Structures are given as C-alpha cells and as structure tokens.
Amino acid sequence: MVLPLRWVAGAGGEGGGDVVVMVSRLEVKRLRDVLPFLRDSLRIRRQAAAAPGGLGHALAAAPLRRTFWTQSVWADRAAVETFAAARPHRDIVRGSRPRMADSRFVFLVRPASEVRQGLPWDKVREMTAGQG
C-alpha cells in the first residue's frame, strides 16, 4: 500500500514557463529505519516549503516495503542545488547514508502549467523504477 502525503505549495509561487521537476525513489535497509526516515522527511518538507525557488513538493510512502517517493518542482536547477546544499537537507542526507539501501533520482524540465500540483504517483514510480 502506498500512502501519499498531500502536495505542499512552495514559497516560490506558481512559476511560469519551464520548471525543473525532481522525482526520487528512496529505500531504507531495515523496517526500523522507516520511522527515522519519516521524521527526517518532515524536517526536509518544512525546509522545502520555505526554499527560494521551490514551487511545491510531495512525498509518498510504502512503509512496509521500506520505500518512499518524492517529487518537487523548482523554478530552475540552481534552486534545487541551493536547497540540497542547505541545512537541514545536507546534514540529513549525510547522516542517513548508512540507513539507505537504494536511491534513485530523475530530473525533467516541464512547462509549469503541467506540474502545478505535481505528477501522478504512478508516473513517479514508473520513472524511478528502471533506474540504477
């Protein structure tokens, strides 16, 4: 069972023209890693909501499969990179590496009008399934 958390609009507004979409599939090694991952994800979601250039984001979880999917929409690639390098994201990623079994990331450029509320979760899962 996949449980999606709601789409959260970012501080960067709605964006116009082309925007950057980042989708990911993240898997933790053990069931005991699920709750720490979720706790850290909530901190990152708060950061993303206030990030310059962040237009929106969402998370879906399959806790018993130890798998999570994210999607976020950004004004440009520089906004994504600035977010990823900032705290708490940077520190959480570094600290969680030993708990991670697999991580897959896909970046696309799409018209903002197509991704204002994100992509369908089945599309996100499809896009990240064949990586690696």
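Since this is a predicted model, take the numbers as computed values, not measurements.
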Subject >> Distance in Å, R45 CZ paired with R6 CZ, rounded so as to fall on 0.5 Å steps >> reply: 7.0 Å
Original post:
Can you tell if the side chain of V20 reaches within under 4.5 Å of the side chain of R110, non-hydrogen atoms only?
Top reply: no
Subject >> Student check: side-chain heavy atoms of V23 and V21 closer than 4.5 Å >> reply: yes
Subject >> Reported CG-to-CG distance for the pair L3 and L64, which is rounded to 0.5 angstrom >> reply: 9.0 Å
Original post:
Any side-chain heavy atom of L119 within less than 4.5 Å of one from M127?
Top reply: yes
Subject >> Note, V28 side chain near M100 side chain (heavy atom, < 4.5 Å) >> reply: yes
Original post:
In Å, rounded to the nearest 0.5 Å, how long is the span from OG of S103 to CZ of F68?
Top reply: 11.5 Å
Subject >> Any R43 side-chain heavy atom under 4.5 Å of I92 side chain >> reply: yes
Original post:
Is there a side chain to side chain contact (heavy atoms under 4.5 Å, CB included) between W7 and Q71 once you walk through the steps?
Top reply: CA-CA 9 Å; W7 180 261; Q71 59 176 304; 3.9 Å; yes
Original post:
Among side-chain atoms of T67 and W69, is any donor-acceptor pair under 3.5 angstrom?
Top reply: no
Original post:
Shortest non-hydrogen contact from V73 to V115?
Top reply: CG2-O, 3.7 Å
Subject >> OG on S72 to CD1 on I44, rounded to 0.5 Å >> reply: 10.5 Å
Original post:
Is there side-chain contact between V106 and T128, with heavy atoms separated by less than 4.5 Å?
Top reply: yes
Original post:
With distance as the sole test, does Q47 use its side chain to make a donor-acceptor pair with the main-chain N or O of F83 at under 3.5 Å?
Top reply: yes
Original post:
Is the cationic atom of R77 (NZ for Lys, CZ for Arg) positioned less than 6.0 Å from the six-membered ring centroid of F107 and within 45 degrees of its normal?
Top reply: yes
Original post:
Counting only N and O atoms by type, is there a donor-acceptor contact under 3.5 Å from the side chain of R104 to the main-chain atoms of A129?
Top reply: yes
Original post:
Hey, is D33 close enough to R30 for a salt bridge, meaning N to O under 4.0 Å?
Top reply: yes
**OP:** Specify the closest pair of heavy atoms between S41 and L59, including all atoms of both residues, with the distance to one decimal.
**Re:** CB-CD2, 4.0 Å
Original post:
Rounded to the nearest 0.5 Å, what separation is found between the NE2 atom of H89 and the CG atom of D40?
Top reply: 10.5 Å
**OP:** Check the hydrophobic clustering (I, L, V, M, F, W, Y; side-chain heavy atoms under 4.5 Å; chains of links allowed) and say if V93 and F105 are grouped together.
**Re:** no
Original post:
Taking C-beta and beyond as the side chain, do L26 and F37 meet within less than 4.5 Å on heavy atoms?
Top reply: yes
**OP:** Heavy atoms only: give me the nearest V8-A49 pair and the separation to one decimal.
**Re:** CG1-CB, 4.2 Å
**OP:** Enter the distance from D102:CG to K29:NZ here, rounded to the nearest 0.5 Å.
**Re:** 11.5 Å
Original post:
Would the number of heavy atoms belonging to other residues, nucleotides or ligands and lying under 6.0 Å from CZ of R39 be above 12?
Top reply: yes
Subject >> Nearest heavy-atom neighbours spanning S24 and V124 >> reply: O-CG1, 4.5 Å
Original post:
Where do A79 and G53 come nearest, in terms of heavy atoms and distance?
Top reply: CB-CA, 3.9 Å
Original post:
Within the side chain of W74, is there an N or O that forms a donor-acceptor pair under 3.5 Å with the backbone of E81?
Top reply: no
**OP:** Compare every heavy atom of A58 with every heavy atom of W121, then report the nearest pair and how far apart it is.
**Re:** CZ2-CB, 3.6 Å
